[in-house]
Peer 1: 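First the structure, then my questions, so here it is.
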Number of protein chains: 2
Amino acid sequence: MPRARSNSTAPTPSASSPDTVFEGAIRGMVGYNLKRAYIVLHAAARAAAEDFGLRVPTFSCLSVIVRNPGITPSALAEHLKIERPNLVVIVDELETRELIRRTQMKTDRRRYELTVTVRGRRLHDQAAEAIRDAEAQCLQGLGAEDQARLIDLLNKIENAMTEAPVSAAEHTGPPPP
Amino acid sequence: MPRARSNSTAPTPSASSPDTVFEGAIRGMVGYNLKRAYIVLHAAARAAAEDFGLRVPTFSCLSVIVRNPGITPSALAEHLKIERPNLVVIVDELETRELIRRTQMKTDRRRYELTVTVRGRRLHDQAAEAIRDAEAQCLQGLGAEDQARLIDLLNKIENAMTEAPVSAAEHTGPPPP
DNA sequence: TATTGTTATACTCTATAACTATA
DNA sequence: TATAGTTATAGAGTATAACAATA
């Protein structure tokens, strides 16, 4: 492979301090574009959630608890890919605000069942609607079909790694004995 | 609109601690799926960049400097949506490692021109290739057409907000002439 | 011994206020 | 006064080690 130019289609770099900034090698990378779109959507979701005194991860936890009454903190943490120590503070806050309840299991007293309260359920439904509306504002340029296609593509990325977790190191040479 | 169930197509919530976790309202939200895909790609890019002693934001800066010789820190910060104070430490590190040079402008001695060194250029090209390879590993499930479509959709989200920053409040009335 | 929930802690990334030197 | 770069600092979000209670 020849010594790579950073971008095959873009114009030649200008001599000095341009007023229009050209993209480097990063623009063609999916991760870079993913991050910039995520920033937009996350800011919108964050602002919407804030109106209900919720941060985005807190809402996510509440949402999964609503959908899975009796889920344990461990299962919740694993599902949302949150480290258990970090989940504790979220669950603490949800419980303090009386949006969820923590009940010790009798069969295994190490574990706790998380269930949403009526108040928590109501707040969740309101916040979910507000966040959905905020997202819709950001997604005006995309039709319903585009949105479904986008989610499908994103899920393919997410699942590809969990199903075929082949490391780059194993890919270049033979595995150690 | 009736009192929303969290998800119209999913099965009824199970009675207690399920071994399969159902998604809440969040699975239908684009931002949630965006984040999870981003985590996968960012982890891959981070691991690849680490082999060259670079963090992802550091590589992004280097990449834009390569493509825009003479760019000022302010322009770089604005373009990458990095706060200027945070950019300083990145530029400091790049300069300390002699990957870029900082030269004071004679026409305006407040400003600096950032240019890549030969060493920086070489490292950038190697890192870019490694990161691209790492991304490709994550994107095995997507064809070239899918990837282009994904980037297009992501850019639409990013640009929709900067072009039409219409607040929800302004949205209820008729558009201005 | 292994697991659940927990505490404390550290590290990355990001955000804000205020300073300096130039203009 | 306004701007570019900088400093210091604070806040999210995330990650790791180690502990007590329980199995």
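So that the names make sense, note that chain A is the first sequence line, chain B the second, and so on, each numbered from 1.
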Peer 1: Are A/Phe52 and A/His124, when compared by the centres of their aromatic rings, separated by less than 6.0 Å?
Peer 2: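 No - the distance between ring centres of A/Phe52 and A/His124 does not fall below the 6.0 Å cut-off.
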
Peer 1: Whole angstroms only, please: what is the CG-C1' distance between A/Asp92 and C/dG5?
Peer 2: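 Distance check: A/Asp92 CG to C/dG5 C1' gives 10 Å.
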
Peer 1: Hey, any chance A/Val40 and A/Val30 share a hydrophobic cluster, counting ILVMFWY side chains that come within less than 4.5 Å of each other, even indirectly?
Peer 2: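 Result: yes, single cluster for both.
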
Peer 1: So does A/Arg36 have more than 12 non-hydrogen atoms from other groups sitting under 6.0 Å from CZ?
Peer 2: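 Result for CZ/A/Arg36: enclosed.
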
Peer 1: Measure CD1/A/Ile71 against P/C/dT4 and give the value in whole Å, please.
Peer 2: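 Checked: the CD1 to P distance equals 13 Å.
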
Peer 1: What residue pairs, at least two apart or across chains, pass salt bridge (Lys or Arg N to Asp or Glu O under 4.0 Å) with a residue in residues 39-64 of chain B?
Peer 2: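 Passing the test, one end in residues 39-64 of chain B: B/Arg55-B/Glu93.
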
Peer 1: Would you tabulate the nitrogen or oxygen pairs shorter than 3.5 Å linking the protein to nucleotides 21-23 of chain C?
Peer 2:
residue: C/dA23; atom: OP1; partner: B/Arg109; partner atom: N; Å: 3.2

Peer 1: Quick one: does B/Glu113's side chain get under 4.5 Å of B/Ile71's, heavy atoms only?
Peer 2: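 The answer is no, as the side chains (C-beta and beyond) never meet within the 4.5 Å cut-off.
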
Peer 1: Is there a side-chain contact between B/Glu158 and B/Leu153 (heavy atoms, below 4.5 Å)?
Peer 2: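 Not in contact.
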
Peer 1: Tell me, for nucleotides 11-20 of chain C in 5' to 3' order, what letter each nucleotide earns: B for a base near a protein heavy atom under 4.0 Å, S for only sugar-phosphate near one, - for neither?
Peer 2: --SBBBB---

Peer 1: Figure out the CG/P separation between B/Leu87 and D/dG5, and round it to whole Å.
Peer 2: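 Rounded to whole Å, this separation is 9 Å.
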
Peer 1: Taking atom CD of B/Gln104 as the centre, report whether more than 12 heavy atoms of other residues, nucleotides or ligands fall under 6.0 Å from it.
Peer 2: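 Enclosed.
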
Peer 1: Taking only Lys NZ, Arg NE, NH1 and NH2, and the carboxylate oxygens of Asp or Glu, determine whether A/Arg97 and A/Asp92 approach each other closer than 4.0 Å.
Peer 2: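 Not counted as a salt bridge, because no side-chain N and carboxylate O are separated by less than 4.0 Å.
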
Peer 1: To the nearest Å, give me how far apart CD (A/Glu78) and P (D/dA15) are.
Peer 2: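 Rounded to whole Å, this separation is 14 Å.
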
Peer 1: Calculate the interatomic distance between A/Ile100 atom CD1 and C/dG5 atom P; express it in whole Å.
Peer 2: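 In whole Å, C/dG5 P lies 12 Å from A/Ile100 CD1.
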
Peer 1: May I have the distance from A/Leu114 (atom CG) to C/dT6 (atom P), rounded to whole angstrom?
Peer 2: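 Between P of C/dT6 and CG of A/Leu114: 9 Å.
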
Peer 1: So does B/Glu98 have more than 12 non-hydrogen atoms from other groups sitting under 6.0 Å from CD?
Peer 2: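 No, the 6.0 Å shell around CD holds no more than 12 heavy atoms from other groups.
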
Peer 1: How long is the line joining CD of A/Glu50 and P of D/dG11, in whole Å?
Peer 2: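 Atom-to-atom, A/Glu50 to D/dG11, this comes out as 15 Å.
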
Peer 1: Determine: side-chain N/O of A/Ser74 to OP1/OP2 of C/dG5, distance under 4.0 Å, yes or no.
Peer 2: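 For C/dG5, OP1 or OP2 has a side-chain N or O of A/Ser74 closer than 4.0 Å.
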
